[in-house]
Peer 1: 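Can you read through this structure? Questions will come right after.
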Amino acid sequence: MLKPRLVAESATTLYETLERPLAPVLARMEARGISVDRSILSHLSGDFAQRAAAFEAEAHELAGESFNLGSPKQLGEILFEKMGLEGGTKTKTGAWATGAGLLEGLALKGVPLARTIVDWRQLTKLKGTYTDALPTYINARTRRVHTSYSQASVLTGRLSSNDPNLQNIPVRTADGRKIRTAFVAAPGKLLVSADYSQIELRVLAHIADIGALKTAFEEGLDIHAMTASEMFNVPVKDMPSDIRRSAKAVNFGIIYGISAFGLANQLGIGRAEAGDYIKTYFDRFPGIKDYMEEQRRRVKAEGFVTTIFGRKIQFPNANSKNPAERSFVERASINAPIQGSAADIIRRAMIRMEPALKAQNIEADMLLQVHDELIFEIPTGTEELAIPAIKHIMESATEPAVRLSVPIAVDAHAAGNWDEAH
DNA sequence: TAGAGACGCCAC
DNA sequence: AAACGTGGCGTCTCTA
């Protein structure tokens, strides 16, 4: 596969500084688990099932026949063979592609079946992956859900979570957020969610030394609106939401090792227009382009890039003869120092968290980590004490090893369930 | 009937 | 659709 793997040298560095001390912390988090309300999920499951059934009947009506909506093969044949629709593309194995982006495009061209399928998929996804699956993970003895964290599965140094994965609980849509309300605090307790604000863009501003970005963070500005303002010469005040949305996509694209092709797909615009956006961005923030070129150079010359703490992330195939693979490494080498530095920061915070809270006589059990977010369970009424302490530990996690040239900000809230705490 | 690959989609 | 990064996991489909 294209995917580069973690190799011994970087694993050793990670092990000594961040992995060994974190292991017992993660073991305690896994053992604590989190309370998941079975009846909330059961109620949601029934609601999702009912609504999905209505979409299924509607889809069969629109298609003029009964078929398995869960089969991309059958759906592709109906859309592009039976109905003869234009705009069909094939996946790399030659099957009709029926992903959400493509169906959205068809829906906009007036194909009602496409919208119905998207809606049906949304509900059956939430039901199958979350409301039906999560209760099967409730431990009979503890009555809580216990995930497992992996410290060495992710190339960049992030953690991963499995059995069940509690790092991909829905949040984007209203129905999805209902699932978060089922993650509840024990009686007499509250959940605290504390998340780093725009941590990867802040890391980028620091590493690439982008003055305009750093100033924006220092002044607490809306970073995507500021980017939009710079790119499109529109005042931040009264920024149109679609302009801001485009700038936000560019910001994320930069972090991921942008291409005009990828940005065009993301925004549903032409490749040339996307290319213009990127060019404008590089003109306004020339340090970004320098940063990217430096990572590409280093990964080719050294075979690794580094996080702000000096941890190496290896790319053994940086000089592959396969052009697609080289491009993949280039993009990943741009992303890895950013994602990897953010991962180092939260690991340092997690390692210090429990002793630091104990020293202040603050009772707070760390339960979950979701890349830039930590979830705690605290006694009701102690939030005024716990939240500032948690924030301080997270915000100062780079020190004394690294003093960032941008402020780090953490948002934290307490509530009875994850949705309201987030 | 179990396993694996393909496809699709959830999160950050 | 995906050459925009990192994962985990559900169903469908084919194969042994």
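Atoms considered below: every heavy atom in the structure, side chains included; atoms not considered: hydrogens, waters and symmetry mates. Residue numbers start from 1 in every chain, and the chains themselves are labelled A, B, ... in the order their sequence lines are given, proteins ahead of strands.
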Peer 1: Looking for any heavy atom pair under 4.0 Å, which part of the strands does A/Gly101 touch: base, sugar-phosphate only, or nothing?
Peer 2: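 The answer is base, as A/Gly101 lies within the cut-off (heavy atoms under 4.0 Å) of a base atom.
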Peer 1: For the pair made of CG in A/Leu85 and P in C/dA1, what is the distance, rounded to whole Å?
Peer 2: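 Taking atom P of C/dA1 as the reference, CG of A/Leu85 is at 16 Å.
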Peer 1: So is A/Lys312 actually on top of A/Phe304's ring, under 6.0 Å and inside 45° of the axis?
Peer 2: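 Judged by the rule (NZ or CZ under 6.0 Å from the ring centre, within 45° of its axis), A/Lys312 counts as positioned above A/Phe304.
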Peer 1: What nucleotide among B/dA11, B/dC7, B/dG8 has an atom nearest to a side-chain atom of A/Thr98?
Peer 2: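 Among B/dA11, B/dC7, B/dG8, the one nearest the side chain of A/Thr98 is B/dG8.
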Peer 1: Using the C1' atom in both, what is the distance from C/dA3 to B/dA4, to the nearest Å?
Peer 2: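 Their C1' atoms lie roughly 26 Å apart.
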Peer 1: Would you please test A/Ser320 and A/Asn322 for side-chain hydrogen bond (donor to acceptor under 3.5 Å, both in side chains) and show each step?
Peer 2: CA-CA 5 Å; A/Ser320 165; A/Asn322 180 338; 5.4 Å; no
Peer 1: Go through the steps to decide whether A/Thr142 and A/His146 satisfy the test side-chain hydrogen bond (donor to acceptor under 3.5 Å, both in side chains), and finish with yes or no.
Peer 2: CA-CA 9 Å; A/Thr142 66; A/His146 306 260; 2.6 Å; yes
Peer 1: Scan side-chain atoms only and decide if A/Glu58 and A/Thr116 contain a donor-acceptor pair under the 3.5 Å cut-off.
Peer 2: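 Looking only at side-chain atoms, A/Thr116 and A/Glu58 do form a donor-acceptor pair, the distance falling under 3.5 Å.
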Peer 1: For C/dC4 versus B/dG5, give the span between their C1' atoms, rounded off to a whole number of Å.
Peer 2: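 That atom pair is separated by 24 Å.
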Peer 1: Please report, rounded to the nearest Å, how far the C1' atom of B/dA11 is from the NE2 atom of A/His371.
Peer 2: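 A/His371 atom NE2 is separated from B/dA11 atom C1' by 6 Å.
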Peer 1: What's the closest nucleotide to the side chain of A/Asn168 if the choices are B/dA11, C/dC9, B/dC7?
Peer 2: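 Of the candidates, B/dA11 comes closest.
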Peer 1: Strictly below 4.0 Å: does A/Thr91 bring a side-chain N or O up to OP1 or OP2 of B/dC7?
Peer 2: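 For B/dC7, OP1 or OP2 has a side-chain N or O of A/Thr91 closer than 4.0 Å.
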Peer 1: Rounded off to whole Å, could you give me the CG-to-P distance for the A/Leu103 and B/dC9 pair?
Peer 2: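 Distance check: A/Leu103 CG to B/dC9 P gives 7 Å.
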Peer 1: For the base of B/dC12, is there a side-chain donor-acceptor partner from A/Arg158 under 3.5 Å away?
Peer 2: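 Answer is yes: a donor-acceptor pair is held.
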Peer 1: Scan side-chain atoms only and decide if A/Ser193 and A/Glu373 contain a donor-acceptor pair under the 3.5 Å cut-off.
Peer 2: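 Looking only at side-chain atoms, A/Glu373 and A/Ser193 do form a donor-acceptor pair, the distance falling under 3.5 Å.
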Peer 1: How close or far is atom P of C/dC4 from atom CG of A/Asn265, stated in whole angstroms?
Peer 2: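 A/Asn265 atom CG is separated from C/dC4 atom P by 6 Å.
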Peer 1: Tell me the interatomic distance from A/Tyr281, atom OH, to C/dC4, atom C1', rounded to whole angstroms.
Peer 2: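 The distance from OH of A/Tyr281 to C1' of C/dC4 comes to 13 Å, rounded to the nearest Å.
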Peer 1: Classify the nucleic acid contact of A/Ala95 as base, sugar-phosphate or nothing, counting any heavy atom under 4.0 Å across all strands shown.
Peer 2: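 Sugar-phosphate only.
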Peer 1: Run through A/Leu166, A/Asp37, A/Leu367 and flag the one making a side chain to side chain contact (heavy atoms under 4.5 Å, CB included) with A/Phe183.
Peer 2: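 Answer after filtering A/Leu166, A/Asp37, A/Leu367: A/Leu166.
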Peer 1: As a test of reading the structure: which of C/dC4, C/dA1, C/dC12 is closest to the side chain of A/Ser71, going by heavy atoms?
Peer 2: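 It is C/dC12.
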Peer 1: Does A/Gln122 make a side-chain N or O approach to OP1 or OP2 of B/dC10 shorter than 4.0 Å?
Peer 2: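 So the side-chain polar atoms of A/Gln122 do come within 4.0 Å of the phosphate oxygens OP1 or OP2 of B/dC10, strictly under.
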Peer 1: With respect to the side chain of A/Arg180, which nucleotide from B/dC9, B/dA11, C/dG10 is positioned closest?
Peer 2: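 Ranking B/dC9, B/dA11, C/dG10 by closest atom to the A/Arg180 side chain puts B/dA11 first.
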Peer 1: Taking the side chain of A/Pro72 as its heavy atoms from C-beta onward, which of B/dG8, C/dG7, C/dC14 lies nearest to it?
Peer 2: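 Selected nucleotide: B/dG8.
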Peer 1: Nearest to the side chain of A/Asn165, which nucleotide is it out of B/dC7, C/dT6, C/dG8?
Peer 2: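 The listed nucleotide nearest to A/Asn165's side chain is C/dG8.
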Peer 1: Stacking here means centres under 5.5 Å and planes under 30°; does A/Tyr256 stack on C/dG5?
Peer 2: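 It does: the two rings, one from A/Tyr256 and one from C/dG5, meet the stacking criterion.
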Peer 1: Would you say the base of B/dC9 and the side-chain of A/Lys125 have a donor-acceptor pair closer than 3.5 Å?
Peer 2: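 Yes.
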Peer 1: A/Ser327 side chain: which of B/dG8, C/dA3, C/dG7 is closest?
Peer 2: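 Of B/dG8, C/dA3, C/dG7, C/dA3 is nearest to the side chain of A/Ser327.
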Peer 1: Between P on C/dA3 and CD1 on A/Ile255, what's the gap in Å once rounded to a whole number?
Peer 2: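 Computing the A/Ile255:CD1 to C/dA3:P distance gives 21 Å.
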Peer 1: Where the side chain of A/Leu155 is defined as all heavy atoms beyond and including C-beta, which of B/dC12, C/dC4, C/dT6 is the nearest nucleotide?
Peer 2: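 So the side chain of A/Leu155 is nearest to C/dT6.
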Peer 1: So, is A/Gln167 near the phosphate of C/dC9, with a side-chain N or O under 4.0 Å from OP1 or OP2?
Peer 2: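 For A/Gln167, the contact criterion (side-chain N or O under 4.0 Å from OP1 or OP2 of C/dC9) is not met.
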Peer 1: Starting at the 5' end of DNA chain C and moving along, which residue's nearest nucleotide shows up first, A/Ala97 or A/Gln339?
Peer 2: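 Its nearest nucleotide lies further toward 5', so the answer is A/Ala97.
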Peer 1: Taking the nucleotide of DNA chain C with the closest heavy atom to each, which residue, A/Ala249 or A/Ser160, is nearer the 5' end?
Peer 2: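 First, find each residue's nearest nucleotide; the 5'-ward one identifies A/Ala249.
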Peer 1: Does any non-hydrogen side-chain atom of A/Leu204 lie less than 4.5 Å from one of A/Tyr291?
Peer 2: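 A side-chain contact exists here, since the closest heavy-atom pair is under 4.5 Å.
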Peer 1: Would you kindly give the CD-to-C1' distance between A/Gln314 and C/dT6, to the nearest whole Å?
Peer 2: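 My rounded result for the distance is 18 Å.
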Peer 1: Roughly how many Å is it from CH2 in A/Trp120 to P in C/dT11, rounded to a whole number?
Peer 2: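 Roughly 10 Å, once rounded to whole Å.
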Peer 1: Are any of A/Thr129's side-chain N or O atoms less than 4.0 Å away from OP1 or OP2 of B/dC10?
Peer 2: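 No, no such contact exists.
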Peer 1: Would you indicate which nucleotide in B/dC12, C/dA2, B/dC10 comes nearest to any side-chain atom of A/Tyr130?
Peer 2: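 It is B/dC10.
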Peer 1: If only side-chain N and O atoms count, and only distance matters, is there a donor-acceptor pair under 3.5 Å linking A/Glu81 with A/Trp96?
Peer 2: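 Yes, because at least one side-chain N or O of A/Trp96 sits under 3.5 Å from a partner of the opposite role on A/Glu81.
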Peer 1: Select base, sugar-phosphate, or nothing to describe what A/Ala100 touches, counting heavy atoms under 4.0 Å on all strands.
Peer 2: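 Sugar-phosphate, backbone atoms only, no base.
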Peer 1: Donor-acceptor pair under 3.5 Å: do we get one between A/Gln266's side chain and the base of C/dC4?
Peer 2: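 Side chain to base: pair found, below 3.5 Å.
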Peer 1: Using a heavy-atom cut-off of under 4.0 Å over every strand shown, decide if A/Gly253 touches base, sugar-phosphate, or nothing.
Peer 2: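 Answer is base: heavy atoms of A/Gly253 come under 4.0 Å of a base.
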Peer 1: Picking from C/dG8, C/dT6, C/dA2, which would you name as closest to the side chain of A/Thr156?
Peer 2: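 So the side chain of A/Thr156 is nearest to C/dT6.
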Peer 1: Look at the side-chain N and O atoms of A/Ser259 and state whether any lies under 4.0 Å from the OP1 or OP2 oxygen of C/dC4.
Peer 2: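 For C/dC4, OP1 or OP2 has a side-chain N or O of A/Ser259 closer than 4.0 Å.
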